[in-house]
Amino acid sequence: MTVPDKPTLDGLEDRWSTRWEADGTYRFDRTRPRSEVYSIDTPPPTVSGSLHIGHVFSYTHTDAVARFQRMRGKAVFYPMGWDDNGLPTERRVQNHFGVRCDPSLPYQPDLVLDPGAGGAAAGRGEELVSVSRRNFVELCERLTAEDEQVFELLWRTLGLSVDWSMSYATIDERSRRASQRAFLRNLERGEAYAADAPVLWDVDFQTAVAQAELEDREQPGAYHRIAFPRVGTDGDAVVIDTTRPELLAACVALVAHPDDERYQPLFGTEVTTPLFGVAVPVLAHRLADPEKGSGIAMICTFGDTTDVTWWRELDLPVRTIVGRDGRIESQPPIALAIPAAEEAWAQIAGRTVKQARRTIVELLAASGALLGEPRAITHPVKFFEKGDRPLEIVSSRQWYLRNGGRDAEVRAELVDRGRSLRWHPPYMQARFENWVEGLTGDWLISRQRFFGVPFPLWYRLRADGTTDLEAPIIPDEADLPVDPASEAPPGFTEDQRGRPGGFVGDPDVMDTWATSSLTPQIATGWEDDPDLFARTFPMDLRPQAHDIIRTWLFSTVVRSHLEHGQLPWTDAAISGWVLDPDRKKMSKSKGNVVVPLPLLAEHGADAVRYWAAGGRPGTDTATDLGQMKVGRRLAIKLLNASRFVLGLSPSDPGVGAITEPLDLDMLHRLADVVADATAAFEGYDYTRALERTEAHFWTFCDDYVELVKGRAYGSRGDGPAASAQAALRLSLSIQLRLFAPFLPFVTEEVWSWWQEGSIHQASWPDEAEIRGPLARGPAGVADVAAAVLGELRKAKTAAKRSLRTEVTRAVVVGDAETLERLRAVEADVRDAGRVEDLELVEGSDLSVTATLAPED
RNA sequence: GGGCGCUUAGCUCAGCUGGUGAGAGCACCUGCCUUACAAGCAGGGGGUCGGGGGUUCGAGUCCCUCAGCGCCCACCA
């Protein structure tokens, strides 16, 4: 046993993280059966995102739970995943290297690019170097590999007890195989299907996006009152209000509520569009709101999602004018008969939506069709959560997965799944249920992007060169993953690509959620490693933040429901967010993002973890340097208290030596703490486990240690000293283990002074360790001793005297029961209080009168 | 418009199924070099538990209602 003279926290992170890796301390024992395994569906962080303190926060919560379960004897399956798949990586690669993906270019095997190769203007979209899809993907892989190392360093410094041999990445071969396999099975069962339909479209990223990735943003806009002349009348007009006058040429009808008496006479008649002179019908539909605008609306293909509903339910034609790049098409959607219309079109063709709006408003004003001035408003507009411009709606062929959005029965099944999941905190289930019940359509999983898992499909080209989309060519599961863009389907050769009678590959990739919704399957080796899968799936815990319940959590439940007919895990622990010190949400644009590594360097990992562990499940928590300082003090206190305890005697007198009433009472109180902390942890309330442990520890240091210090040094002989020494050691052992999930470094350091092996493989304390061998003894004596000692201290402090001051005489008044307890620990109290003469007087409330020795 | 959460000392928060005179940490004030720890120790001041109403012998703790803050969702003409 070696107890350092001057224990320190410095360097513990390096020393122990290295040691743990070398010893395989956190290696998953895959010989254990499912019942002895605790498996965690770790959130794969987006590696191309920036590191921030929020990562440290939520991952610490999970790690504390993992360490608790490991100490309880479970084989903990705690892999790390990296989310490197998808748009964030593409965007980062584009900016980092100054490149753009052009799928039409050929692969350049020797392409060498340095960061910023595309020139200083990279990112402004002007001087980007175009590279082939394969080159682009290679750059993505190169950059994410670097990003992953940065994350791994952070996790190791933070002391996450992950098994690094089980890592995966959402773009790696396993993930692509699992993702494609799951999709093909969905396809076979009819759960996946392709459809040509209007979709929400980001004009910058040039891809479709899903409902779950939308967000509303308040945008300035304006109502424009526009008169539509009625066909067959002499100058009569219908006046509509619109915020999107530029879509006039895409108008296919006007619509009002069926009960709206103002417009009932018009139903079934026609009006013509101003400027373009196209005749459109006036129709009735219940979604038209008589209160909004003039109560009658222009239906365009497509201005918003209501337009899509009207278009579908009223069986209207498609007149698309906005292209996928967000610009007005070169040709009008229908023949324009009047010359003025051709002119109007010529002025907007090829322009952006914004430019076209300005032009159309000018033309309308000039023609007299615009009534009055536009009235400025702000209104919510749908954006892709990662996008910069409002979404447009375009018709295109996309892949969908049935998620209950169009099927009440499936929806009900998924709501039931959500109800059988154990949520921490429970109220988060409401978010899940709200979302499922508010779904408006199936899950759109295809993206017109490059860095993602490709759809494992090809299509035959007929003799006339047209594509047969109805019967895709499907690979064998054994051949997955496949890349249909570079591999030929079974029975074809590469030179038949794009030729009549040959084939083409499906050009799309899956959305990143379509892969990350399979993290339980990917991590546990679904189909690839049946033995591992059987031992780890379904998993125990999904830890994640509340903002992605509708995406990650829901989609994972959907995939598992469809594939396995069960939940992917039993418990979901939902963490809150980290707010900046002023309780504002952190965001890059506000510049208030707190980066974690400097904090870890300054305060130490245990201190930062201590702060993080104070955030209960579901609770948003402010970054608090003060709490980190408190955590650091706690860690230092553990070092010093341990040094004291272990320095008292070279060996442990053993539990049998514990006979003193004060020692027994203190230990049984600790047993209560053990029971409480254990129950709290079992309910995922790690914060309470820490609070209880910490509160006991300070009482232990301030009262118990002070009370027994003299006796432990031998003031009353060997027997009483041995009792104190053994009690201190047992108590220290248990308290270190209670702290180990939170403060892995300092507890391991202290453990190494006097114990074999890692504390993180030691057993979680059990109250039976105390209650088994040790009789209860007189209860409540520790409280009485501490109370009397407190009064003695108060007397000394009030007299502005040192705590070493001798008390020549102290009179304690108390009830019979209190005095009885005090007698049991009288010697310890006199020792700690330096009381020469202690008199006990029976009375009512406890009071202590102390006479201090005169000052020198 | 719908849903959820929060509102307890200057600050950050505990207060579990209602019951000994409302707590902790930080901050603040006053002291103490006490042989584990001065990056420490001891002591102290400070709250009509968001407002109102109700149930109860008794309510931060349950019910109703109002207000403020935050988050999620919503068909945005």
Side-chain angles (χ1 to χ4, degrees), chain A residues 3 5-7 9 214-219 221 223-224 240-244 247 254-256 287-289 292-300 303-310 377-382 390 425 427-435 437-438 440 546-547 549-550 576-577 579 581 583 585 614-616 618-622 624-627 629-630 632-648 676 679-680 683 685 687-688 691-692 694-695 698 701-702 705-706 709 713 789-790 792-805 832 834:
Chain A
V3 181
D5 282 340
K6 203 85 178 101
L9 299 177
L214 305 182
E215 66 181 32
D216 285 349
R217 296 184 199 161
E218 281 294 325
Q219 294 288 304
Y223 273 127
H224 301 76
I240 61 105
D241 265 310
T242 181
T243 57
R244 301 206 57 181
L247 295 180
L254 301 190
V255 64
L287 284 183
D289 182 354
K292 218 172 260 182
S294 61
I296 187 164
M298 144 174 115
I299 304 175
C300 303
D304 61 35
T305 51
T306 316
D307 278 344
V308 176
T309 306
W310 281 326
I377 56 162
T378 58
H379 60 155
V381 177
K382 281 198 190 312
Y427 61 75
M428 286 295 176
Q429 190 215 327
R431 300 237 182 143
F432 176 91
E433 217 157 305
N434 281 355
W435 175 254
E437 283 168 350
T440 58
H546 52 67
D547 55 330
I549 289 174
R550 66 174 180 171
W577 280 332
L579 309 173
R583 298 198 65 77
K585 191 175 162 183
R616 294 189 143 73
T619 307
D620 294 345
T621 303
D624 188 345
L625 301 183
Q627 282 303 104
K629 293 194 175 112
V630 171
R632 185 171 179 87
R633 258 177 258 170
L634 174 63
I636 292 171
K637 191 81 172 174
L638 272 167
L639 288 177
N640 288 318
S642 303
R643 189 168 88 92
F644 166 73
V645 169
L646 299 174
L648 286 169
D676 214 19
D685 191 355
T687 305
R688 182 177 172 82
E691 279 173 356
R692 290 286 281 129
E694 186 190 6
W698 286 105
C701 289
D702 296 341
V705 168
E706 293 305 323
K709 194 180 272 181
Y713 279 133
L789 179 61
L792 293 169
R793 285 168 174 161
K794 196 181 293 187
K796 294 176 186 180
T797 300
K800 303 198 174 181
R801 300 288 297 278
S802 159
L803 291 179
R804 284 196 311 179
T805 306
R834 297 177 175 249

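By convention in this document, chain letters (A, B, ...) are assigned in the order of the sequence lines, proteins followed by strands, and residues within each chain are numbered from 1. Remember, it's a predicted structure, so these values are computed and weren't measured experimentally.
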Scan Ala288(A) against the nucleic acid and name what it touches under 4.0 Å (heavy atoms): base, sugar-phosphate only, or nothing. base
Any idea which heavy atoms bring Leu803(A) and Lys796(A) closest together, and the distance? O-NZ, 3.1 Å
List the residues meeting side chain to side chain donor-acceptor pair (under 3.5 Å) with Arg834(A), not counting sequence neighbours, and say none if there are none. none
Hunt down the Watson-Crick or G-U wobble partner of C41(B), both distances under 3.5 Å, from any strand shown, or write none. G31(B)
May I ask you to say what Val308(A) touches in the nucleic acid, namely base, sugar-phosphate or nothing, with a heavy-atom cut-off under 4.0 Å? nothing
Given atom CG of Leu287(A) and atom C1' of A77(B), what is their separation to the nearest angstrom? 11 Å
Let me know the distance between CG of Asp702(A) and P of G43(B), rounded to the nearest Å. 8 Å
Given the P atoms of C4(B) and C11(B), what is the spacing between them in whole Å? 29 Å
Please report, rounded to the nearest Å, how far the P atom of C71(B) is from the CD1 atom of Ile549(A). 15 Å
Between P of G70(B) and CG of Asp620(A), the distance in whole Å: 12 Å
Quick one: are Arg244(A) and Cys300(A) in side-chain contact, heavy atoms under 4.5 Å? no
Could you pull out the closest heavy-atom pair between Phe644(A) and Val705(A), with the gap in Å? CE2-CG1, 3.5 Å
Out of C75(B), A14(B), C37(B), minimum distance to the side chain of Arg616(A) belongs to A14(B)
Answer yes or no: does a side-chain N or O of Lys6(A) lie under 4.0 Å from OP1 or OP2 of C37(B)? no
Whether Glu691(A) and Arg616(A) form a salt bridge (side-chain N of Lys/Arg under 4.0 Å from carboxylate O of Asp/Glu) is what I want to check. yes
Using only side-chain N and O atoms of His379(A), determine if any of them is under 4.0 Å from OP1 or OP2 of A77(B). yes
G47(B) to G40(B) separation - C1' atoms, rounded to the nearest Å: 30 Å
For a quick test of reading the model: is some side-chain N or O of Arg244(A) closer than 4.0 Å to OP1 or OP2 of A77(B)? no
At under 4.0 Å between heavy atoms, what does Trp310(A) touch on the DNA or RNA strands: base, sugar-phosphate, or nothing? base
Considering every strand and a 4.0 Å limit on heavy-atom distances, what is the contact class for Glu706(A): base, sugar-phosphate, or nothing? base
Tell me the interatomic distance from Asp241(A), atom CG, to A77(B), atom P, rounded to whole angstroms. 9 Å
Hey, does Asp216(A) have a side-chain heavy atom less than 4.5 Å from the side chain of Lys382(A)? yes
Taking any heavy-atom pair under 4.0 Å as a contact, classify Arg217(A): base, sugar-phosphate, or nothing. nothing
Is G60(B) syn or is it anti, if syn means the base angle is within 90 degrees of 0? syn
Indicate, with a heavy-atom threshold strictly under 4.0 Å, whether Thr309(A) touches base, sugar-phosphate, or nothing. nothing
Where each residue is assigned the nucleotide of RNA chain B containing its nearest heavy atom, which of Ala798(A) and Lys709(A) is assigned the position nearer the 5′ end? Lys709(A)
Between Gly438(A) and Ile296(A), which is nearer to the 5' end of RNA chain B once each is assigned its nearest nucleotide? Gly438(A)
Considering only the C1' atoms, how many Å lie between G60(B) and G2(B), rounded to the nearest integer? 29 Å
Quick one, give me the B/S/- string for nucleotides 26-33 of chain B, reading 5' to 3', where B means a protein heavy atom under 4.0 Å from the base and S means that only happens at the primed atoms, P, OP1 or OP2. S---SSS-
Pairwise P distance, G3(B) and U65(B) [rounded to whole Å]: 12 Å
Side chain to side chain donor-acceptor pair (under 3.5 Å) filter on Arg217(A), not counting sequence neighbours, yields Glu215(A)
Could you give the CH2-to-C1' distance, from Trp577(A) to G70(B), as a whole number of Å? 10 Å
A59(B) to U20(B) separation - C1' atoms, rounded to the nearest Å: 16 Å
Restricting to side chain to side chain donor-acceptor pair (under 3.5 Å), what partner residues turn up for Asp620(A), sequence neighbours left out? His546(A)
Closest to the Asp216(A) side chain: A74(B), A42(B), A77(B)? A74(B)
Mind calculating the distance between CG (Asn640(A)) and C1' (U35(B)) to the nearest angstrom? 13 Å
Select base, sugar-phosphate, or nothing to describe what Lys629(A) touches, counting heavy atoms under 4.0 Å on all strands. nothing
Per Lys794(A) side chain, nearest of listed nucleotides G44(B), C37(B), A77(B): G44(B)
Arg793(A) has a side chain; which of A39(B), A42(B), A77(B) sits nearest to it? A42(B)
Per Trp435(A) side chain, nearest of listed nucleotides C37(B), C73(B), A39(B): C73(B)
C37(B) P sits how many Å from Phe644(A) CZ, rounded? 10 Å
Test of understanding: with side chain to side chain donor-acceptor pair (under 3.5 Å), list the residues that count as partners of Arg692(A), not counting sequence neighbours. Asp676(A)
Base paired to G10(B) (Watson-Crick or G-U; both N/O distances under 3.5 angstrom): C26(B)
Flag side-chain contact, heavy atom, 4.5 Å: Trp698(A) against Leu634(A): yes
By the 4.0 Å heavy-atom rule, please label Asp289(A) as base, sugar-phosphate, or nothing. base
What interatomic distance, in whole Å, is found between P of A42(B) and the corresponding atom of C64(B)? 46 Å
With a non-hydrogen cut-off below 4.0 angstrom, is Cys300(A) in contact with a base, only sugar-phosphate, or nothing? nothing
Are any protein N/O atoms closer than 3.5 Å to N/O atoms in nucleotides 1-11 of chain B? If there are, list each pair with its distance.
from	atom 1	to	atom 2	distance (Å)
G3(B)	O2'	Asn434(A)	ND2	3.0

Considering only side-chain heavy atoms of Lys292(A), which listed nucleotide, C41(B), A77(B), C72(B), is closest? A77(B)
Can a donor-acceptor pair be found, under 3.5 Å and without considering hydrogens, that links the side chain of Asp307(A) to the backbone of Ile299(A)? no
